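First up is the structure itself, then whatever we jot down about it.
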Amino acid sequence: MIQLIRGFKDILPDETPTWQHIEKTATALFQAFGFSEIRLPIVEKAELFQRSIGENTDIVEKEMYTFPGSKAELITLRPEATASVVRSYIQQKLYAKEPVQKLYTIGPMFRRERPQKGRYRQFYQINAEVFGIASPYIDAQLIFMLWSLFERLKIGGLSVQLNSLGCPACRPAFKGALSSLLASKTDDLCSDCVRRLDKNPLRVLDCKVPACQEAIREAPSMIDFLCDDCTGHFDAVKSALHSQKIPFALNPRLVRGLDYYTRTAFEIQTDALGAQNAIAGGGRYDMLVKMLDGPDQPAIGFAIGLDRLAALMMQTAPEKELTPELFIAALGEETRDITFEWSCALALEGVRTEIDFSGKSLKALMKRANRIGAAHVLIVGGAEIESGAVVVRNMATKEQKTIPIDGVVNHIKTYLAT
RNA sequence: GUGGGUGUAGCUCAGUUGGUAGAGCACCUGGUUGUGGCCCAGGAUGCCGUGGGUUCAAGUCCCAUCACUCACCCCA
């Protein structure tokens with residue numbers, strides 16, 4: 001038996017209605033906020049991710065599916081979507097038509113991590129990105145939109161974590177202060193953090209090893225180092241969130257794993273999903289468009305982890321699978337042709353119809369109709385054909401009615417509508 | 001990459017000090033010549049994850065390996 005690859009999964013029919021519900025709710029909401037869909041390839045040049053995400057991140061160092069696309073070029077299964085959206089914004093010169101672009105996209109991402117609950121090697125995200133708006137109001141609106149989505153999906157137990165990562169004007173001072181503090185405590189840090197020290201000292205802040213937590217107790221907070229502009233921006237975001245009654249928690253430990261983030265960083269967390277508690281995360285990335293050879297345009301975005309969101313919904317409010325409205329129980333060979341025609345015609349009329357060709361006993365057919373949740377059964381045997389009328393049975397009430405064969409499709413539609 | 005747990009019927013699981021495999025649910029047939037759920041009777045179902053070893057004999061003991069899973073790491 002051939003099995004699927006480690007870390008990959010099938011999303012089966014018992015779960016797809018929930019996925020569809022999430023996607024429909026999200027896209028309707030995003031469109032109401034002025035977002036348009038963009039569809040992008042799932043492979044890009046490896047260089048795109050190396051330059052945007054950052055060479056010394058775990059993703060680029062060891063988690064990307066990268067392979068030769070031609071003799072001279074490495075291509076990569078995208079580990080995230082933002083880089084591709086930015087690439088498209090630049091390459092297609094969307095900014096020339098209109099610098100402000102609000103875009104969303106849905107699709108699979110790939111990272112070669114060790115799988116666990118809520119973490120797969122192919123996982124799905126809904127991304128929303130806004131280009132060309134520097135105002136803190138858009139930061140707040142994005143978080144508001146995200147929060148509204150979870151409200152519409154009736155998901156509780158969530159918290160909004162908020163932080164500011166500063167900008168090129170103020171982050172270096174913070175990094176320096178943090179680095180020198182950490183350097184003095186090297187002996188207390190775990191081996192991972194020692195390695196992070198010179199590569200990405202910010203990451204030490206959210207290390208979960210107790211010894212490291214202890215070591216960074218007196219660590220400086222980015223918020224204390226923010227320059228005037230960043231402070232003003234951050235304050236404006238917070239007050240806009242307050243005015244919209246979004247509950248949020250300041251979290252100085254919230255550090256984005258990707259290099260390109262600046263200023264506002266946020267995450268939506270749940271307590272119901274084990275260790276992988278982030279179901280959405282995002283932030284501002286004002287430098288990235290320029291870094292990738294585009295115009296100097298600010299940007300902000302977020303990604304929702306669809307797999308995790310779907311897992312949450314399955315626990316609380318799963319969408320039900322569609323069941324047949326009508327099950328056609330055709331008895332005997334002589335009824336096969338006519339019932340086959342009816343089943344096709346009914347389906348075209350929008351009636352969810354199931355027909356059984358197996359020729360089993362009526363008892364067996366009724367059993368199957370019951371099992372698959374059919375609301376009504378149309379019983380068609382030789383006797384019915386002769387008498388010119390078929391029987392339709394309501395499975396819940398056991399009520400049965402006869403319906404003339406002449407114009408049967410319309411008769412059934414009318415019957416089902418009542 | 002590192003650590004823990006688990007692999008036996010479609011599903012959930014039991015399996016004694018080693019003696020060649022079971023239950024419940026689900027499925028099929030019948031009890032009802034053409035009527036589902038409840039009930040009753042009967043029936044089918046397993047390379048016991050895989051490979052090797054010990055033994056007269058291995059689901060059970062030993063070694064290896066793979067898969068699943070949870071956690072670390074990292075993140076959605």
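Note on naming: letters A, B, ... go to the chains in the order of the sequence lines (proteins, then strands), and numbering restarts at 1 for each one. Fair warning: this is a prediction, and the values are worked out from it, not measured in the lab.
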**Prompt:** If each of A:Ile5 and A:Gly274 is mapped to the nucleotide of RNA chain B with the nearest heavy atom, which maps nearer the 5' terminus, i.e. the 5' end?
**Reply:** A:Ile5

**Message:** Please report the distance separating the C1' of B:C48 from the corresponding atom of B:C72, rounded so that it comes out in whole Å.
**Reply:** 33 Å

**Request:** Record whether the side chain of A:Lys398 comes under 3.5 Å of the base of B:G37 through a donor-acceptor pair of N or O atoms.
**Result:** yes

**Message:** Test side chain to side chain contact (heavy atoms under 4.5 Å, CB included) on A:Val377 and A:Met395; report intermediate values, then the result.
**Reply:** CA-CA 7 Å; A:Val377 175; A:Met395 292 295 274; 3.5 Å; yes

**Message:** Just to be sure I understand the rule, does A:Gln400 reach a base, reach only the sugar-phosphate, or reach nothing, if contact means heavy atoms closer than 4.0 Å?
**Reply:** base

**salt bridge (Lys or Arg N to Asp or Glu O under 4.0 Å): pairs with one or both residues in residues 399-418 of chain A, sequence neighbours excluded** = A:Glu349-A:Lys413

**Message:** Please verify the inter-ring angle class for A:Tyr285 with A:Phe131; under 30° counts as parallel, over 60° as perpendicular, anything in between as tilted.
**Reply:** perpendicular

Within the sub-3.5 Å range, which N or O atoms of nucleotides 1-11 of chain B have a protein N or O partner, and how far apart are they?
residue: B:U2; atom: O4; partner: A:Arg114; partner atom: NH1; Å: 2.4

**Side chains of A:Phe49 and A:Ser84 in contact at under 4.5 Å (non-hydrogen atoms)** = yes

**Asked** By side-chain contact (heavy atoms from CB on, under 4.5 Å), which residues pair with A:Tyr95, not counting sequence neighbours?
**Response** A:Tyr89, A:Lys93, A:Pro295

**A:Leu331 CG - B:G34 P separation (whole Å)** = 8 Å

**Message:** Any base atoms under 4.0 Å from A:Ala329, or only sugar-phosphate, or nothing? Heavy atoms, all strands.
**Reply:** nothing

**Under 4.0 angstrom between A:Lys363 side-chain N/O and B:G36 OP1 or OP2** = yes

**Asked** So, is A:Gln116 close to the B:A71 phosphate, meaning a side-chain N or O under 4.0 Å from OP1 or OP2?
**Response** yes

Considering only distance and modelled atom types, tabulate donor-acceptor pairs under 3.5 Å from the side chains of residues 308-317 of chain A, sequence neighbours left out.
residue: A:Arg308; atom: NE; partner: A:Gly118; partner atom: O; Å: 2.7
residue: A:Arg308; atom: NH1; partner: A:Ala278; partner atom: O; Å: 2.7
residue: A:Arg308; atom: NH2; partner: A:Gly118; partner atom: O; Å: 3.1
residue: A:Arg308; atom: NH2; partner: A:Gln276; partner atom: OE1; Å: 3.1
residue: A:Thr316; atom: OG1; partner: A:Leu312; partner atom: O; Å: 3.1

**Integer-rounded Å distance: B:G34 C1' and A:Leu365 CG** = 10 Å

**Message:** Surrounding CE of A:Met145 (heavy atoms of other residues, nucleotides or ligands, distance under 6.0 Å), is the total greater than 12?
**Reply:** yes

**Request:** For B:G22 and B:A44, measure between their C1' atoms and round to the nearest Å.
**Result:** 16 Å

**Request:** Quote, to the nearest angstrom, the P distance that separates B:C62 from B:U16.
**Result:** 14 Å

**Asked** Expressed in whole Å, how much space separates the C1' atoms belonging to B:U6 and B:A14?
**Response** 16 Å

**Message:** Can you tell me how far apart CZ (A:Phe248) and OG (A:Ser159) are? Round to the nearest 0.5 Å.
**Reply:** 12.5 Å

**Asked** For atom P, what is the distance between B:G36 and B:C27, given to the nearest Å?
**Response** 14 Å

**A:Phe110 and A:Phe8 aromatic ring geometry - parallel, tilted or perpendicular at 30°/60° bounds** = tilted

**Prompt:** When rounded to the nearest Å, what value does the distance between P atoms of B:U17 and B:C25 take?
**Reply:** 29 Å

**Prompt:** How would you label the contact of A:Glu384 with the nucleic acid (heavy atoms, under 4.0 Å): base, sugar-phosphate, or nothing?
**Reply:** base

**Complete:** With the side chain defined as heavy atoms from C-beta on, A:Asn370 is closest, among B:U69, B:G36, B:U35, to B:G36

**Item:** A:Asn394 CG - B:G37 C1' separation (whole Å)
**Value:** 14 Å

**Over all atoms of both residues, closest heavy-atom pair of A:Met222 and A:Gly166** = CE-CA, 3.7 Å

**Prompt:** Taking the C1' atom of each, how far is B:C13 from B:U8, in whole Å?
**Reply:** 9 Å

**Message:** What's the gap between B:C11 and B:G52 when it is taken at their C1' atoms, as a whole Å value?
**Reply:** 32 Å

**Request:** Would you kindly give the CG-to-C1' distance between A:Leu362 and B:G34, to the nearest whole Å?
**Result:** 5 Å

**Message:** On RNA chain B, compare the nucleotides closest to A:Arg111 and A:Gln3; which residue's is nearer the 5' end?
**Reply:** A:Gln3

**Asked** Side chains of A:Glu129 and A:Thr82: is there a donor and an acceptor less than 3.5 Å apart?
**Response** yes

**Prompt:** Could you write out RNA chain B as a dot-bracket string, with dots for unpaired bases, | for bases paired across to another strand, and Watson-Crick or G-U pairs counted at under 3.5 Å?
**Reply:** (((((((..((((.....[..)))).(((((.......))))).....(((((..]....))))))))))))....

**Asked** What is the nucleic acid contact for A:Ala369, judged by heavy atoms within less than 4.0 Å: base, sugar-phosphate only, or nothing?
**Response** nothing

**Item:** Distance in angstrom units between A:Leu378 CG and B:U35 C1', rounded
**Value:** 13 Å

**Fill in**
Side-chain atoms of A:Lys367 come closest, of B:A67, B:C72, B:G36, to B:G36

**Request:** Classify the nucleic acid contact of A:Gly282 as base, sugar-phosphate or nothing, counting any heavy atom under 4.0 Å across all strands shown.
**Result:** nothing

**Request:** Scan residues 272-287 of chain A for pairs that pass salt bridge (Lys or Arg N to Asp or Glu O under 4.0 Å), counting only residues two or more places apart or in two chains.
**Result:** A:Asp139-A:Arg284, A:Arg284-A:Asp286

**Asked** To the nearest Å, how far apart are A:Lys62 NZ and B:C72 C1'?
**Response** 11 Å

**Asked** Do A:Arg371 side-chain and B:G36 base share a donor-acceptor contact under 3.5 Å?
**Response** no

**Complete:** Rounded to whole Å, CG of A:Leu4 lies from C1' of B:A67 at a distance of 11 Å

**Prompt:** Once you round it to whole Å, what is the distance between P of B:G37 and CZ of A:Arg393?
**Reply:** 10 Å

